[in-house]
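Okay, structure first, notes after.
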Amino acid sequence: MMDIVADWLKADEAATMTEWREKVYDEYAGGYGGWSELVEHWREPDAVAFHRILAKAADYHVAQSSDMTTTGDKRNKREKHYEIEPDAYWAFPVLLLMILRMREWEGLQNPGYLNHDLFQMGVFKELPKPVPWPADALFDAVDRKFRQEFPNTPSTADLPRLRAEQS
């Protein structure tokens, strides 16, 4: 998913997957698997076509939601890892919801209704509306002070500047 965030930030020089990490990732979780099409086409402009891509990723999410399994004895112990091992995320597709929000921020149309079974388990039949940023004088003062002391720390508010620097 870091590849999608790097793409969203247009961070061309941010290598999220080194050759070593790619090898380990392939051995650990079997590679991108069901995420591969989503990684390649998360900016698909056609909402219907994107809905099919999202459904495949949701199928993969469900298939990869499991506790690690161990087989064999002490000498020949073999572990099988899954992409989504913490059970708190089995029915909470935070990565898929994150991509939907990023598409929204990019001005892309999302599917109007999320009909995959994964989204029917909770309150996620549609992407929740963004919560307005609350006014908070203390937070605003802390943010101003932080930005004065650490002016090079990026934030999503700096995306236009960061993208301009990358081009």
Side-chain angles (χ1 to χ4, degrees), residues 1-66 81-135 143 147 151-167:
M1 293 298 106
M2 290 306 296
D3 291 337
I4 292 175
V5 173
D7 183 43
W8 174 66
L9 291 170
K10 294 188 176 33
D12 299 330
E13 299 184 27
T16 61
M17 191 63 83
T18 64
E19 185 177 323
W20 176 82
R21 282 185 56 218
E22 186 128 5
K23 181 179 183 296
V24 169
Y25 190 69
D26 282 341
E27 291 171 2
Y28 177 78
Y32 283 120
W35 303 126
S36 59
E37 193 172 358
L38 188 63
V39 169
E40 291 297 318
H41 302 289
W42 75 272
R43 279 193 170 110
E44 169 60 52
D46 180 359
V48 174
F50 180 73
H51 191 265
R52 284 191 292 270
I53 293 167
L54 185 67
K56 287 180 190 174
D59 285 341
Y60 184 71
H61 176 101
V62 171
Q64 287 294 309
S65 294
S66 181
H81 291 276
Y82 293 88
E83 188 75 31
I84 301 153
E85 290 181 352
D87 58 358
Y89 296 105
W90 293 356
F92 180 52
V94 67
L95 296 173
L96 301 178
L97 294 170
M98 175 193 78
I99 290 166
L100 288 168
R101 183 66 74 208
M102 287 169 48
R103 284 177 52 83
E104 190 178 82
W105 291 340
E106 288 285 302
L108 295 167
Q109 183 181 3
N110 280 323
Y113 183 75
L114 305 173
N115 62 355
H116 190 279
D117 288 345
L118 177 62
F119 297 105
Q120 305 306 307
M121 296 180 70
V123 295
F124 307 116
K125 292 178 180 145
E126 53 189 46
L127 187 62
K129 303 291 179 230
V131 177
W133 192 264
D143 188 49
R147 296 215 166 268
N152 295 327
T153 303
S155 79
T156 55
D158 299 324
L159 278 178
R161 179 182 59 80
L162 293 172
R163 287 178 175 167
E165 288 173 4
Q166 295 261 336
S167 352

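Note that the structure is predicted; figures quoted are calculated from it, not measured.
Between Leu96 and Ala58 the shortest heavy-atom distance is CD1-CA, 3.8 Å. Heavy-atom minimum distance, Ala57 versus Leu38: CB-CD2, 3.8 Å. In this structure, Phe119 and Leu97 approach most closely via the heavy-atom pair CE2-CD2, 4.2 Å. Residues Pro111 and His51 approach most closely at CB-CD2, 3.2 Å, considering heavy atoms.
Of the inter-residue distances, the one linking Glu44 atom CD with Glu37 atom CD reads 9.0 Å to the nearest 0.5 angstrom. Distance check: Asp59 CG to Leu54 CG gives 10.0 Å after rounding to the nearest 0.5 Å.
In this structure, the side chains of Trp42 and Arg103 come closer than 4.5 Å at one or more pairs of heavy atoms.
A salt bridge links Arg101 and Glu104; the closest N-O separation between the charged side-chain nitrogens and carboxylate oxygens is under 4.0 Å.
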